[in-house]
There are 2 protein chains.
Amino acid sequence: MNRRPIGVFDSGIGGLTVVRELLHQLPNESLIYFGDTARVPYGNKSPATVRRYAREILDFLVGRDVKMVVVACNTASAHALEELKRVSPVPVEGVIDPGARAAVAASRSGRIGVIGTAGTIASKAYERAIHAHAGAAVVVAQACPLFVPLVEEGWLDHPATRLVAESYLGDLAKHDIDTLVLGCTHYPLLKPLLAEVLGPAITLIDSAEQTARAVSATLAHSTLHAPKASAGGVHFVVSDAPEQFKRVGKRFLGEGVKEIELFALGDGEGR
Amino acid sequence: MNRRPIGVFDSGIGGLTVVRELLHQLPNESLIYFGDTARVPYGNKSPATVRRYAREILDFLVGRDVKMVVVACNTASAHALEELKRVSPVPVEGVIDPGARAAVAASRSGRIGVIGTAGTIASKAYERAIHAHAGAAVVVAQACPLFVPLVEEGWLDHPATRLVAESYLGDLAKHDIDTLVLGCTHYPLLKPLLAEVLGPAITLIDSAEQTARAVSATLAHSTLHAPKASAGGVHFVVSDAPEQFKRVGKRFLGEGVKEIELFALGDGEGR
């Protein structure tokens, strides 16, 4: 048993969908969440830059004495997970493998769609993860760069968002997929709209739930679980604009974000 | 006369609309353009963070021996121009005052609209600049956070972009404005669509042209113009993802971007 916190990070606010699920499944755990709001988004940045940012955040979280790190960002998982696992002194879990595993379990036809940021899709990380579990699966991928800004604007059910979704998903649907992985932690907020656009024949996989299960399994395996009597909760840290994080965070977390620590990474103060 | 380059910077790619106009109006000048693509966008970041980034870029450009600096980014102009002017060893010009001046000159009713990023609008920098030239002007401002990602996606004439524009501009139009300042260097690419949505009674002000005029005036005033025989041209530098800059840059510049230097700011290598 271990009372140290679990570190969770994302480029910004999307990882809160994973936090929500962690709080639900692991109510006794203390979490420390880092959102890199000074450099958000990661989705259109190069693998090398995303890796550099992720390493800085890993160092920050390890400095806060975490017992485990959850990369609650698909782009960072796609580009940096292997490197983080190699250098981290504590276990590291990403969001891609849990999502891929759930998609393989859900699909009957073996034809699986994946949507994500430009960076996640270009990395082909989901294809690799899905094929590791189901070599014969057919994976059809589509970058959806406008979904993140639409979610951050709060236009979850706006006619423009519907048009954007129809534009991005129209081609995907032609490939006869029966399962679609929401490969970005922002996308669960669009689930009702995406379900409407795609129709009931396509199962939507939200990796937050699966990731929380994987974290729970890792804790159990390493006997790192917090005691049942622990209160749990989250401490929030962002690299910029805490007020905005507070305002938008509620939509993701389902409850209000109270205190937020501001910590600038990647500059003199933070290094 | 002075053959040293003019430094131009933006959070990413939008400043190329200003570069295009500088090349047109000042064909003998050498430009060095810095796009902070590792930390783009600036529009949703805090004033303090934008100022820190802008200071780093100023230092970089001064290190490259520029004779003048053009802040070709509305958010950076809004938050950092005063500080840059105070600390810079060379003249600094932003995009806001030239745009405000042109709007005041164009408006007959004195009712002026301004659109921009969340940061630019929250700063009220355009209100201040417009009132400095026309104390009685009525300024109506509207943040349009989705325009930048839509432009970067290349959806300049997409039905979704039209819906977004109608949503953002519907309220503005009700205020009886006769002039609208495009307060973000990405927006000139949406000019045809915005003109359609708003109708012919509203004059659109694109500050790129005005900014180039202001730069020309500063050069003349300080006798910093390059000799008429100079060839001119642009050297491009970005902090991340040069290939993407090349791909999207053509839309902004109207011609291809050939060589691009990669220079990481704000980390060990760049400092």
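In the text below, chain A, chain B and the rest are named by the order of the sequence lines, each starting its count at 1. What you are looking at is a predicted structure, and each value in this text was computed from that prediction instead of being measured.
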**Q.** A:F263-A:F34 aromatic ring centre distance below 6.0 Å
**A.**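 So the answer is no for these two rings.
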Q: Flag the pair A:R128 / A:I96 as yes when at least one side-chain heavy-atom distance between them is below 4.5 Å, and no otherwise.
A: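 A side-chain contact under 4.5 Å is absent here.
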Q: Kindly indicate whether the side chain of A:H158, heavy atoms from C-beta on, has any atom under 4.5 Å from the side chain of B:V164.
A: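 Not touching, per the 4.5 Å side-chain cut-off.
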Q) For B:N44, is it the side chain, the backbone, both, or neither that has a heavy atom closer than 4.5 Å to a heavy atom of chain A? A)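 For B:N44, heavy atoms of backbone and side chain both lie under 4.5 Å from chain A.
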[X] versus chain B, the contacting section by heavy-atom distance below 4.5 Å:
X	answer
A:P41	both
A:T161	neither
A:V40	both
A:Y53	side chain

Q: Look at A:P242, A:A241, A:P145, A:P159 and state which one has the largest set of heavy-atom pairs under 4.5 Å with chain B.
A: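 Option with the greatest count: A:P145.
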Q: Output, in order, the C-alpha distance, side-chain angles, deciding distance and verdict of salt bridge (Lys or Arg N to Asp or Glu O under 4.0 Å) for A:R55 and A:E83.
A: CA-CA 8 Å; A:R55 280 288 297 267; A:E83 179 168 332; 2.9 Å; yes
Q.
Ring of B:F252, cation from B:R20 - is the NZ or CZ under 6.0 Å from the centre and inside 45° of the axis?
A.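 Checked: cation-pi criterion not met.
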